[in-house]
**Q** 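Submitted below is the structure of interest, expressed as structure tokens.
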Amino acid sequence: MQRALVLRRTRSITRRLIVDRAMATLFALATVIAVAPLVLVVAYIVVNGVRGIDLDLVTKLPAPVGEAGGGMANAFVGSAILIAIASAVALPVGILAGVYLSEFGRGRFAATLRFLTDVLTGIPSIVVGIVAYTLVVVPFRSFSALSGGLALSIIMIPTVTRTTEEALKRVPTTIREASLALGVHEWKTVLRIVIPTGLGGIVTGVMLAIARISGETAPLLFTAFGSSFWGEGPLKPIAAVPLQIFQYAISPYKEWHDQAWAAALVLMLFVLVLNVGIRSVTRTGFQSRGV
Amino acid sequence: MRQRIRPEGQRMSARATTVAAAQTGRPEGPDAHAAVRIEHVSAWYGTRQAIDDVTLGIPPHTVTAIIGPSGCGKSTLIRCVDRMHEVTPGARVEGTVRLGEVDLYAPGSDPVLVRSMVGMVFQKPNPFPTMSVYDNVAAGPRLRGERVSRGDLDDLVERNLRRAALWDEVKGKLGRSGATLSGGQQQRLCIARALATDPAVLLMDEPCSALDPIATYRIEELIRELAAEVTIVIVTHNMQQASRVSEWTAFMLAGDDGIGRLVELDRTEQIFTKPSDPRTEAYITGRFG
């Protein structure tokens, strides 16, 4: 009797061990499958892009078709301008909206606003491009840097709003109360205590939003449009890195393909550095503030 | 070590007089000499009532402890004194609190002004994490937009760090973040920050519950010293602490309905030796709570 009991128990343990191993392997496999595309994409872009990288890429304008050499400096400058325009619009709007939702927004209006912000996050970026096209390109009768920047800003706003809101909500109530109890007005408490305490989170949100829009292509197709020259002002078409990559990639020229790969590598590195940078900065930032 | 007559103090009393003149409040209540008179105060969180009809006079320039088991409304009561209760969404107060002649809940009374006359120290040390030790102490006058010269501010910071018995430990590192100090030091920094606004009353909500025994001892010592210059109300669920630091003790208790009420207020010695209410005696002797 005793013996049989021991035997049965051992068997069940063996079975449990087998199931345990099998499940662990399964999970590990799933993780590998999930991460594999990232590794493959990064590796493929590095392999193809690295030979096209030289100083000309970021300092020279495109060479005429068929001629060797040249670069796509106009695209990098164009992207920088577009990001600057988008940030100039989206940061004030997004951050202020986030502060409102976190600090003052109560009731139905705030809930609606929050919901709409989430909806805005989910809108396909090509649709955002159509909006900017209708609002800016049509009235001005020209593709333009302004319309491209506006399209990107619409994509940025919800990200900045929600991350600002979340960052400020993480600021402990005790800190707010400490300020209010000193006889400090609520608006000043928000401005001088809550926002500085949550600043790390806000900066993270802004950086993530910039990383996100720097790779956007669809909303620029019929707004910024692209150009082979330096930008000619906010109301003229302007080049952008993702657009140029797209145009070069569908062209029949070998040199252009190489440059597209190289530009893709630079763009990817930019986003990667931004993301890794954010993580290290915010980690130390939050630690030293004891939040 | 302390100077009671100084520009901020004068401005404060001038403001208090203005508020008092605007609201002709007649002193009444349990104790005409009380520094703070809590009159028929009831408080709610949404629909849940937390305290019911508490009337209590806080004697001036001494330490009054409020004791009672968890959930009896001790913290809520003192949060009604500096109008911090209403900061919680959905919270509301009935009744009134008088600070000297001033009715803190009179129509038109500005909670921001009320809070500038009443200091508060919280359960968990909460120095502003983005600010240095110096800036923490200077935060009250600065953020209230008072124009203080750099020299006066230096004096104010040093004086209040001394009052909070922290000066000697931090004088070399005033520029360091307040969050780098130990828990006990952080709490004394918070006391210095509250004192720097020159409050008439200092409310302390279980100020030692997050601290170790040595840090607690230092804070208690500090409380007894400060009582000479400022009226102190300390909420504590530590009866030994109440008997060590306070001259007066109020005992609160929640009924079966979960609503806190005042049982009695008396000299601390009286409360701990022969309380007049049997419920107080039951609590003191450890029969519940």
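None of these values were measured; they are calculated from a predicted model. Here is how names work: the chains are called A, B, and so on, in the same order as the sequence lines, proteins then strands, and each is numbered from 1.
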**Q** Looking at B:E86 and B:R79, is there a salt bridge between them, counting it only when a charged N and a carboxylate O are closer than 4.0 Å?
**A**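 Answer for the salt bridge query: no.
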**Q** With only heavy atoms counted, which part of A:T189 is less than 4.5 Å from chain B, the side chain, the backbone, both or neither?
**A**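 Neither part, no heavy atoms under 4.5 Å.
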**Q** Given that the side chain runs from C-beta out, which part of B:P111 has a heavy atom under 4.5 Å from chain A: side chain, backbone, both or neither?
**A**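 Neither part.
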**Q** Just give me the residue among B:D82, B:L143, B:L203 that pairs up with chain A most often, heavy atom to heavy atom, under 4.5 Å.
**A**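 When all of B:D82, B:L143, B:L203 are compared, B:L143 has the most.
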**Q** Need one label for B:V114: side chain, backbone, both or neither, based on atoms under 4.5 Å from any heavy atom in chain A.
**A**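 Neither part; nothing is under 4.5 Å.
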**Q** Could you look at B:V112 and say if it's the side chain, the backbone, both or neither that has a heavy atom under 4.5 Å from chain A?
**A**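 Interface part for B:V112: both.
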**Q** Determine, for B:F128 and A:R192, whether the Lys NZ or Arg CZ falls below 6.0 Å from the six-membered ring centre while staying within 45 degrees of the axis.
**A**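 Relative to the ring axis of B:F128, which defines the angle, A:R192 lies outside at least one limit.
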**Q** Is A:R114 paired with A:D118 through a side-chain N to carboxylate O contact shorter than 4.0 Å?
**A**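 So A:D118 does not pair with A:R114 through a salt bridge.
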**Q** Would B:D135 and B:R142 pass as an ion pair if we require N to O under 4.0 Å?
**A**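 Salt bridge: yes.
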**Q** Strictly below 4.0 Å, N to O, side chains only: are A:E186 and A:R176 in salt-bridge contact?
**A**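 No.
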